[in-house]
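Here's the structure, in structure tokens; my notes come after.
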Amino acid sequence: MFMLKRFSRHLLAASVTVALIGCAQSSNHSPEKSVSQISEVIRGTDNPFAKEAIYFVVTDRFVDGDPSNNHEDQGGEHPTWELRLDGPEGKFANVGYMGGDLQGVLNNGDYISDLGFTAVWLTPVLDNPDQAFTGDEPISYGGQFKDGGKTGYHGYWATNFYKADEHLVSENLSYADYTRAMRDDYGLKSVFDIVANHGSPSYTMPEDQPGYGELYDAEGKLVADHQNLHPTELDTDKPLQAFFHPYPDLAKLSNLNEHNPDVQDYLINSYLYWIEQGADAFRIDTIRHVSHDFWRTMSDRIREQHPDFFMFGESFVYDANFIAQHTLPKNGGVSVLDFPMQKAMNEVFGEASTEEASQQENNAPESKGYEKLRDVLFLTHGPYANPYELTTFYDNHDMPRMQASDEGFINAHNWLFTARGIPVVYQGSEIGFMRGTAEHAGNRNYLGQDAIDNAGNHDIYKSLKTIANVRKQTPALQRGLQVNLTFTENTAAFYRIVQDDNARQIALVLLNKGDESEQMTVSKWLQTGDWEEQLTGQRRTVSSNGKLTTTVAPNSAQVWVLNAPVTHSGLLETTRQQMQRQ
């Protein structure tokens with residue numbers, strides 16, 4: 001017998017408890033064991049949220065479902081509607097409101113669900129200032145780290161953490177109405193985007209503007225005001241300035257003092273409020289800019305009332321050891337967006353920029369094969385509390401969209417929806433929308449209903465819909481242990497295995513990102529039984545000591561599933577060893 005560590009579910013760790021029944025196994029025995037001899041739990045995680053796949057929406061840039069809430073005349077001398085940034089060759093971006101709202105997302109709940117997603121992450125729905133910001137340096141097309149002339153269309157400049165923005169809700173559609181309808185009508189959960197380290201831009205304005213640097217409570221009472229002062233000029237002994245750190249952090253944003261008990265109560269109570277309105281999970285913005293102590297306090301309070309509540313944070317760092325600190329129970333047990341995987345996916349599936357290509361010509365070419373992805377899985381001896389609960393992605397609204405061919409996106413999705421982790425896809429990626437563009441160069445351009453209505457004609461969409469719905473119906477791809485077989489330049493083969501009270505399933509994943517068909521043969525740890533390929537419905541019966549040989553088309557995936565407990569002694573032993581080292 002042997003012992004394995006057990007972690008509680010709400011601390012975001014894998015359940016890898018193993019109970020063995022029967023006599024010890026002998027190497028002289030057949031590789032198959034009868035089901036009656038075995039009772040083992042095998043899985044990567046038991047966290048309920050692991051089964052989800054997330055569609056990420058910048059709400060104002062998705063679909064205008066209710067023109068009556070556009071407020072096109074808002075802002076007076078500092079208007080907020082349609083603030084276009086023009087670039088070369090007809091390129092453009094926008095830093096004003098463009099009309100997207102909760103109604104637009106709800107109107108397309110069937111589109112998102114049919115595509116294979118089970119949850120929708122929205123940018124913050126919180127109330128933001130009603131004017132364009134006049135401080136800082138003016139933003140221009142392609143510019144970065146400047147907020148002058150921008151609005152809070154994205155939702156991250158909150159003035160009231162308890163109030164929804166008037167551009168997003170409708171007369172007959174509150175946030176609570178939205179979450180209820182998404183869940184009841186389309187089976188879609190809601191991921192709420194929260195912020196703790198900052199409010200709105202708060203200083204450098206020629207004249208103090210309403211909303212900026214201000215925070216209001218649930219009753220609409222002013223509780224904090226930066227008063228257009230540089231952070232070093234704040235007097236934190238004054239009640240309205242005590243909410244802030246007296247030093248700057250990001251851009252000209254107010255820097256909230258998370259150590260202040262009043263700030264903690266203000267923020268954490270607001271998070272609890274939005275859970276009451278139907279939020280099923282939190283995405284945490286700029287998590288690394290706030291102390292671990294705050295996140296531990298926050299997570300303890302949230303999970304005291306909602307024990308299984310799932311949270312994942314954005315720590316925009318490519319060092320796995322660094323971002324993994326957030327996942328540890330002592331730091332709050334918050335999962336994170338998998339930035340090391342994001343970087344590797346762009347290198348494997350994306351197209352090198354001109355500068356990168358030039359550097360490669362002068363140096364030894366770097367591998368862009370599946371081996372690069374294997375190296376960032378961290379399935380054993382890794383820094384994360386549980387790698388299966390990481391949210392995996394290849395781009396988002398804060399970085400350039402992935403520059404890739406249609407085939408690159410197809411292969412990225414085949415990996416994203418079969419390998420460990422919870423997949424996240426940014427709106428428009430299903431049609432390669434604005435690929436390669438950065439934040440102020442088109443990344444966040446308006447998607448619109450016409451693009452969604454025509455998406456079904458796109459090859460990326462068709463492939464994504466297929467593989468996402470396979471994951472949606474396959475428990476092994478959602479929470480199964482990943483056991484790697486072979487990773488080469490163009491191919492990858494691995495098992496995903498789940499065996500518990502809810503499912504007994506082995507999935508064999510075969511990937512080919514090459515431009516030619518690949519004949520792939522698997523015999524290692526291959527269990528006897530009737531296997532079914534999930535994308536085509538092909539069936540194969542594997543006999544004892546047999547093998548599975550199949551031809552995987554270019555830029556495609558195969559997922560062979562056996563609905564049976566693990567009985568192959570070699571596979572059993574491998575899963576035991578891997579779970580011990582997870």
Side-chain angles (χ1 to χ4, degrees), residues 75-78 80 124-137 145-152 154-166 193-274 284-298 300-302:
E77 295 180 358
H78 310 294
T80 61
V125 303
L126 305 179
D127 196 27
N128 276 231
D130 296 339
Q131 296 181 352
F133 184 55
T134 60
D136 203 5
E137 298 177 67
F145 312 118
K146 301 174 183 178
D147 287 333
K150 293 165 62 175
T151 68
H154 42 68
Y156 293 99
W157 292 356
T159 60
N160 190 328
F161 280 67
Y162 295 81
K163 181 182 178 182
D165 194 274
E166 69 276 9
D193 202 325
I194 67 170
V195 185
N197 88 294
H198 66 80
S200 60
S202 300
Y203 57 101
T204 69
M205 292 168 278
E207 294 183 8
D208 199 2
Q209 294 178 263
Y212 286 100
E214 301 171 357
L215 285 176
Y216 295 83
D217 65 13
E219 285 71 44
K221 176 185 175 183
L222 181 68
V223 295
D225 190 351
H226 214 281
Q227 298 177 337
N228 200 23
L229 296 171
H230 190 277
T232 59
E233 299 174 339
L234 292 170
D235 182 353
T236 55
D237 289 331
K238 294 181 177 180
L240 289 181
Q241 297 179 26
F243 263 47
F244 309 110
H245 283 297
Y247 51 84
D249 185 20
L250 294 172
K252 303 302 184 292
L253 298 169
S254 57
N255 187 6
L256 296 178
N257 181 3
E258 76 276 20
H259 304 300
N260 182 332
D262 292 335
V263 175
Q264 291 185 7
D265 286 342
Y266 177 85
L267 292 173
I268 297 172
N269 288 336
S270 76
Y271 306 153
L272 289 166
Y273 169 79
W274 291 110
I284 302 173
D285 186 64
T286 54
I287 190 172
R288 70 185 178 95
H289 291 264
V290 178
S291 66
H292 289 305
D293 180 69
F294 173 83
W295 296 122
R296 175 62 187 268
T297 299
M298 176 270 217
D300 284 350
R301 284 186 56 182
I302 295 293

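Since the model is a prediction, treat every value here as computed from it, not as a measurement.
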When you measure from the side chain of [X] to the backbone N and O of [Y], does any donor-acceptor pair fall under 3.5 Å?
X    : Y    : result
Q209 : A132 : yes
N260 : A242 : yes
S200 : G213 : yes
N197 : V195 : no
N255 : H245 : no
E214 : T159 : no
Q131 : P210 : no
D225 : L215 : no

Task: Option from T134, D147, D136 for which side-chain contact (heavy atoms from CB on, under 4.5 Å) with P201 holds - done: D147
Min side-chain heavy-atom separation [X]-[Y] under 4.5 Å:
X    : Y    : value
Y212 : M205 : yes
Y266 : L256 : no
L267 : F294 : yes
D285 : D193 : yes
L272 : I302 : yes
V290 : M298 : no
V125 : W274 : yes

- [ ] Would you confirm whether the ring centroid of F161 sits within less than 6.0 angstrom of the ring centroid of Y271?
- [x] no
Would you say [Y] and [X] are linked by a side-chain donor-acceptor pair, where the criterion is simply a distance under 3.5 Å?
X    : Y    : result
T297 : Q264 : no
Y156 : H154 : no
N269 : R301 : yes

- [ ] Determine the interplanar angle of the F133 and W157 rings, folded into 0 to 90°, and report it as parallel if under 30°, tilted if 30 to 60°, perpendicular if over 60°.
- [x] perpendicular
TODO: Kindly give the heavy-atom pair with the smallest separation between G155 and P124, and that separation in Å.
DONE: O-CB, 3.2 Å
Task: Minimal non-hydrogen separation, D130 against T80, with atom names - done: O-CG2, 3.5 Å
How long is the span from the [atom1] atom in [X] to the [atom2] atom in [Y], to the nearest 0.5 Å?
X    : Y    : atom1 : atom2 : answer
K221 : N160 : NZ    : CG    : 13.5 Å
T151 : N128 : OG1   : CG    : 8.0 Å
F243 : H226 : CZ    : NE2   : 13.0 Å
H198 : L250 : NE2   : CG    : 6.0 Å

- [ ] Return yes when atom NZ of K150 has more than 12 non-hydrogen atoms of other residues, nucleotides or ligands closer than 6.0 Å, and no otherwise.
- [x] yes
Task: Identified ring-ring contact (aromatic ring centres under 6.0 Å, His included) partner of H230 from the options Y203, F244, Y247 - done: Y203
